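Step one of this worksheet: look at the structure below.
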Amino acid sequence: MTRRILVTSALPYANGSIHLGHLVEYIQTDIWVRFQKLQGHDCLYVCADDTHGTPIMIRARNEGITPEALVQRMHQEHQADFQAFAIAFDNYHSTHSEENRLLAEEVYRNNRAAGHIAVATVHQAYCNKDAMFLPDRFIRGTCPSCGALDQYGDACEHCSATYSPLDLKQAACALCGEKPVQNSSEHLFFQLSRFEAFLKEWTRSGTLQPEMANKLEEWFSSGLKDWDISRDAPYFGFAIPDMPDKYFYVWLDAPIGYMASTWHLCKRSGRDFDAYWRPGSTAEVYHFIGKDILYFHTLFWPAMLQGAGFRTPTAVFAHGFLTVNGQKMSKSRGTFINARTYLDFLDPEYLRYYYACKLTGRVDDLDLNLEDFILRVNADMVGKVVNLAARTAGFLHKQFQGQLSAPYPEDGGLYTTFVQAGEEIAQFYEAREYARAIRLIMALADSANRYIEVRAPWNLAKQNQWVALQESCSVAINLFRVLMTYLAPVLPVMAEKVRHLLNLPELSWAGRCVPLSGSSIQEFKHLMARIDPKQVEAMLAASRPSSPESAAPPPAAAHPSASESASPPPAPSSPPITLETFTQVDLRVARILQAEQVPGADKLLKLTLDVGVLGQRTVFAGIRAAYTPESLHNRLTVVVANLAPRKMKFGLSEGMVLAASHGQGADKTALYLLAADSGAEPGMRIQ
RNA sequence: GGCGAGGUAGCUCAGUCGGUUAGAGCGACGGAUUCAUAAUCCGUAGGUCGGGGGUUCAAGUCCCCCCCUCGCUACCA
């Protein structure tokens, strides 16, 4: 039976870039969706950018652009990142859209008409100069209990005290520095407590994982609080109908973005929106989320839907957080890795595979252990799986023009075993137990390698046993095809290459049941390269902040729009720096062991450097116009040893040699490499 | 401080209702092999299952206490 399924991932906030933590969720969801589609189900995957709120408004202001422009730009960036990681949304929309505005208004109006919305007066910090109410995070001051400077308005990071922004000493608006005053305003509240009975019922009806149900018990027992859903102007968001200068709080319209994206897709594809979101819908609706936003998705969201007369989700699946090398992602350790940075150095399918290896249906945190990552991907993907095809496809191509045996040969029941294992693997995918599915698949890969070992096609070739050779290789290719079908949700790009290799119109779960026979395959080409540990090191280096202070986001400038309009004129000299700053640059003496032309590059020379205690380095230097390779051999020069390695078209550059010139745009041949006086030894520090 | 998750071989993890000598993969080491991206195959070593107490004929598995790690949270979604 074909199921109609709608799946969402949480909407990424338009204020920041996608990083490896986000990707746990998108990869988890994408694998699940691809699995459902592979099964032949009618499954849609929708998402959108979450675009509203004060942080967006402020950031846009700081950049001197409109929030709309900022949101537009981030939308492009996010989409490019997702696409690169093969996250295949059926629709990627925005909460700043007409669909979302209409739906948000409908949800609000229906709830108001049903009496679920209350009005109350709240007292809040207000900045006269900026003419706006200040969220707690936008007030800085001295902690009233321990005296720590420059703390947020709600809590002290130093002594962990919590307080009201009004208690903060020397409180200042984070935007302009003015002292905030207290102002009152009317706010709208969604009366969550009216939904207690409904929510208790809903959360116990199989919609949640057990761990999450426990958490909800805690919230129920402490009592459900009403939810402030309005914000005062200025605010980037949707105006509340009939309420001048009031806007919907970003978290009200964010989940409605799931519906808006569905609607947007339906309009485009002739589907029926109501079949997904209105009462009577028989579709399955699933939200994949991180455990941090459980409150919104299991209390507010179903209550709002219920109150507005929409259907509620079938289930909410929460996952844990990502740690890197066992610790929270950290900018200074270089483990706060943006999706884009990862892509500069590594194949996205490595990450998809590794996450799949570790994902379960529970809410556990997931650790990206980079050493394990390298070993595991290389051993499993390249050593076990790809190798199956690599070691047998050649025989088929050389001896049989790529043709597989017909009929499918006797294999001692191996193929049947592989097909049958698919049922258990499917159950694991369905239950989001990817780690178990992968373990099973790898066990199959092991048995396929053993089969090849026993049949030893290389011996069959030597002994001119052509029939047996073709048969054993045909079996291996068929087993490989089944494995790749099982891995297709995780490795869509490689699966596509394999589909091409095998001359298949498609890979499908059901299609694995019948082995290929008599058809021919294409010539084997590399399907996946091994990870070089240097790529990972380079990625970490590139993720480290270049200066210590850039780790913390700087407070906004007072009048950004005025000061950041044009780039400054070229300065005659750089501003002064401290000795400390200078010594951050690790300059070393290096001996040029080898210098060579780089095929395809017209400005570069590839240098192999001896940097003494730091070992050998490969550096690509743009000095070809001024030097011949021979003239450089054995010379001493100066290298920046701790420059983040750079992946180039021609290979990885692990540093930079220093040369004098008139600067950019000057005569390229007037370029002079720095040298160290004779007697200097490679590896010596320059200071 | 509160809540949650967790501490099992060097690494990543399995261990069902407590039941014979605690498992897998990777890594290490030894051997075989050479078709394959030094991949593969066979084998070996390696664990007082965080610590202590208790229940039991029997505990990694149940109970209590403690230690440690991670995450969240700190009256707020």
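Proteins come first, then strands; the chains are lettered A, B, ... in the order of their sequence lines, and each starts at number 1. None of the values given here were measured: they were computed from a predicted structure.
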Could you go through A/Thr360 and A/Glu433, starting from their C-alpha distance and side-chain angles, then the distance that decides it, and tell me whether this counts as side chain to side chain donor-acceptor pair (under 3.5 Å)?
CA-CA 4 Å; A/Thr360 72; A/Glu433 291 287 349; 4.8 Å; no
Candidate pair A/Phe300 and A/Trp251, rule ring-ring contact (aromatic ring centres under 6.0 Å, His included), full reasoning:
CA-CA 9 Å; A/Phe300 293 146; A/Trp251 261 109; 8.7 Å; no
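Among the heavy atoms of the strands lying under 4.0 Å from A/Trp227 are primed sugar atoms or P, OP1, OP2 only; no base atom is included.
Judged by Watson-Crick or G-U wobble contacts below 3.5 Å, the nucleotide B/G23 has B/C13 as its partner. The nucleotide B/U61 finds no pairing partner, because no Watson-Crick or G-U wobble arrangement with both distances shorter than 3.5 Å includes it. B/U40: Watson-Crick or G-U partner is B/A32, with both key distances under 3.5 Å. Under the Watson-Crick or G-U wobble criterion, with both distances below 3.5 Å, B/U69 is paired with B/A5. Pairing for B/A74 is absent, judged as Watson-Crick or G-U wobble with the two contacts each under 3.5 Å. In this structure, B/A45 makes no Watson-Crick or G-U wobble pair, since no nucleotide meets both defining distances under 3.5 angstrom.
The same atom, P, is picked in B/G18 and in B/A74; the two are 39 Å apart, to the nearest Å. Atom P of B/G43 sits at a distance of 29 Å from the matching atom of B/G60, rounded to the whole Å. As rounded to the nearest Å, B/G71 and B/A9 have C1' atoms that lie 27 Å from one another. A gap of 32 Å separates the C1' atoms of B/C49 and B/G31, to the nearest Å. For B/G53 and B/C17, the C1' atoms lie 26 Å apart once the distance is rounded to whole Å. Nucleotides B/C29 and B/A45 are separated by 7 Å at their C1' atoms, to the nearest Å. Nucleotides B/G15 and B/C72 have their C1' atoms positioned 28 Å apart, rounded to a whole Å. For B/U33 and B/A22, the C1' atoms lie 33 Å apart once the distance is rounded to whole Å.
Atom CE of A/Met442 is separated from atom P of B/G27 by 14 Å (rounded to the nearest Å). A straight line from CG of A/Leu294 to C1' of B/U73 spans 14 Å, rounded to a whole angstrom. A/Tyr350 places its OH atom 19 Å from the P atom of B/C26, with the value rounded to the nearest Å. Put simply, CZ on A/Phe321 is 17 Å from C1' on B/U69, counting in whole angstrom units. Summarising the geometry, the separation between OH on A/Tyr353 and C1' on B/C26 is reported as 11 Å, rounded to the nearest angstrom.
The aromatic rings of A/Phe195 and A/Phe198 lie perpendicular to each other, with more than 60° between the two planes, well past the 30° mark. A tilted orientation is assigned to the rings of A/His297 and A/Tyr258, their planes being inclined by 30° to 60°. Note on ring orientation: taking the six-membered ring where Trp is involved, the planes of A/Tyr247 and A/Tyr235 are tilted (angle from 30° to 60°).
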Nucleic acid footprint by protein, nucleotides 31-41 of chain B - heavy-atom cut-off 4.0 Å, B for base, S for sugar-phosphate alone
--SSBBB-SBS
Produce a footprint string for nucleotides 1-13 of chain B: one letter per nucleotide, 5' end first; B if the base is under 4.0 Å from any protein heavy atom, S if only the sugar-phosphate is, - if neither.
--S-S-----SSS
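For A/Arg376, the side-chain hydrogen bond (donor to acceptor under 3.5 Å, both in side chains) test picks out no residue, with sequence neighbours left out.
The residue from A/Arg499, A/Met528, A/Arg352 that alone fulfils the side-chain contact (heavy atoms from CB on, under 4.5 Å) condition with A/Met494 is A/Met528.
Under a 4.0 Å N-O distance rule, the pair A/Lys534/A/Asp532 does not qualify as a salt bridge.
A 4.5 Å side-chain heavy-atom check between A/Tyr434 and A/Gln28 finds at least one atom pair inside the cut-off.
When all heavy atoms of A/Asp50 and A/Tyr13 are compared, the pair lying nearest together is O-CD1, 3.2 Å.
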